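A quick write-up on the structure given underneath.
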Protein chains: 2
Amino acid sequence: MEQDIFKALADPTRRAIFEKLATGGMNASALREGMAISQPAMSQHLAVLRTARLVREERQGRFVNYEVDPDGLALIAQWLAKYRAYWPARIDALKDLLRDMDQ
Amino acid sequence: MEQDIFKALADPTRRAIFEKLATGGMNASALREGMAISQPAMSQHLAVLRTARLVREERQGRFVNYEVDPDGLALIAQWLAKYRAYWPARIDALKDLLRDMDQ
DNA sequence: GAAACACATAAGCATGCACTTATTTGATTC
DNA sequence: GAATCAAATAAGTGCATGCTTATGTGTTTC
């Protein structure tokens, strides 16, 4: 669970894939463009991200479209929330984030 | 950076150590109690957590006191904030967090 | 239904990593 | 300063993991 998520994010290539997907859903071939990664490697990374619920897939004919799965991000948020007692007084990024959520 | 943090948290033993430290700072020996882990292993794990800025140390005589370092948590929060477009509409844990921070 | 295409899976290999035992460093106590 | 204790480091080992090449599966097109 947390195990799968943190392990998935521990690999820089997978974080790059995730980051790219965050700009918009796309299929595995499109993901590979400009990424110096073999087709099987990409497929394996996507499987790891999918298991971690960081990414979800949807078959569209011959292609498989991938997109960010909010569930994984929510799990990280929950993990992080457990330690809120230790958060620095000011975290601007989060303040913005939470302001957005509150409206 | 993110690399160090996610790698550090990818190991279940290190997450357990971090979680224990979150209940209050303590030295390495106290951390080992009830944890079935050798002294060198604990020391190595703490070094990894320290490099990731998830934990910080303070020598106190013969002992070295460890405690949660807010910097690491802030880095995770910043990473998470980059993907706020994908957050589910409601994440209760974070709403609580917001309430805490806003008072 | 045969060829072409997108992707997944299998199997093998090299490197990384978490552990072990042994030793060293640093600090206290007598 | 010798003994003792807390913690760090060194060196070696077994297993996990990210890659590769080869092959399999599912879908479309002619």
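Just so it is clear, the model here is predicted, and its values are computed rather than measured. Protein chains get the first letters and strands the later ones, always in sequence-line order, with residue 1 at the start of each. Just the heavy atoms: all of them, side chains too, but no hydrogens, waters or symmetry mates, feed the values below.
With C/dA18, D/dT9, C/dA8 as the choices, the nucleotide that has an atom nearest any side-chain atom of B/Asp11 turns out to be C/dA18. For A/Gln44, whose side chain is taken as the heavy atoms from C-beta onward, the closest listed nucleotide among D/dA8, C/dA11, D/dA7 is C/dA11. Counting only heavy atoms from C-beta on, B/Arg62 has its side chain closest to C/dA27 among D/dT28, C/dA27, D/dA7. The B/Ser29 side chain lies nearest to D/dA6 when the options are D/dA6, D/dG18, D/dA22. Which of C/dA18, D/dA8, C/dA8 sits closest to the side chain of B/Arg14 comes down to C/dA18.
Separating the CG atom of A/Leu46 from the P atom of D/dC19 is a distance of 12 Å, rounded to the nearest angstrom. Note: NZ (A/Lys7) to P (C/dC17) measures 13 Å, nearest angstrom. Atom NE2 of A/His45 and atom P of C/dA8 are 13 Å apart (whole Å). One can place CD of A/Glu58 at 14 Å from P of D/dT27, the figure rounded to the nearest angstrom. Going from atom CZ of A/Phe63 over to atom P of C/dA8 covers 13 Å, rounded to whole Å. In this structure, A/Glu57 places its CD atom 12 Å from P of D/dT27, rounding to the nearest Å. Spacing between atom CG of A/Asn65 and atom C1' of C/dA6 amounts to 13 Å, rounded to whole angstrom units. Atom CD in B/Gln39 sits roughly 5 Å away from atom C1' in D/dA7 (whole-Å rounding).
Here the closest non-hydrogen pair linking A/Ala28 and A/Met42 is O-CG, 4.1 Å. Scanning all heavy atoms of the two residues, the minimum distance from B/Leu73 to B/Leu54 falls at N-CD2, 4.4 Å. Annotation for B/Leu21 and A/Tyr86: closest pair O-OH, 3.7 Å, computed over non-hydrogen atoms.
At the phosphate of C/dA6, neither OP1 nor OP2 sits under 4.0 Å from any side-chain N or O atom of A/Ser43. Put simply, B/Ser38 has a side-chain N or O that comes within less than 4.0 Å of OP1 or OP2 on C/dT20. Residue B/Tyr66 places at least one side-chain N or O under 4.0 Å from the OP1 or OP2 atom of D/dA8. Distances shown here put every side-chain N or O of A/Asn27 at or beyond 4.0 Å from the OP1 or OP2 atom of C/dA6.
The aromatic rings of A/Tyr83 and B/Phe18 sit perpendicular, their planes meeting at an angle over 60°, well past the 30° parallel limit.
Among B/Lys20, B/Glu57, B/Arg56, B/Glu58, the one residue that satisfies the side-chain hydrogen bond (donor to acceptor under 3.5 Å, both in side chains) test with B/Tyr66 is B/Glu57.
Judged by closest nucleotide on DNA chain D, B/Arg50 is the one of B/Arg50 and A/Ala10 placed further toward the 5' end.
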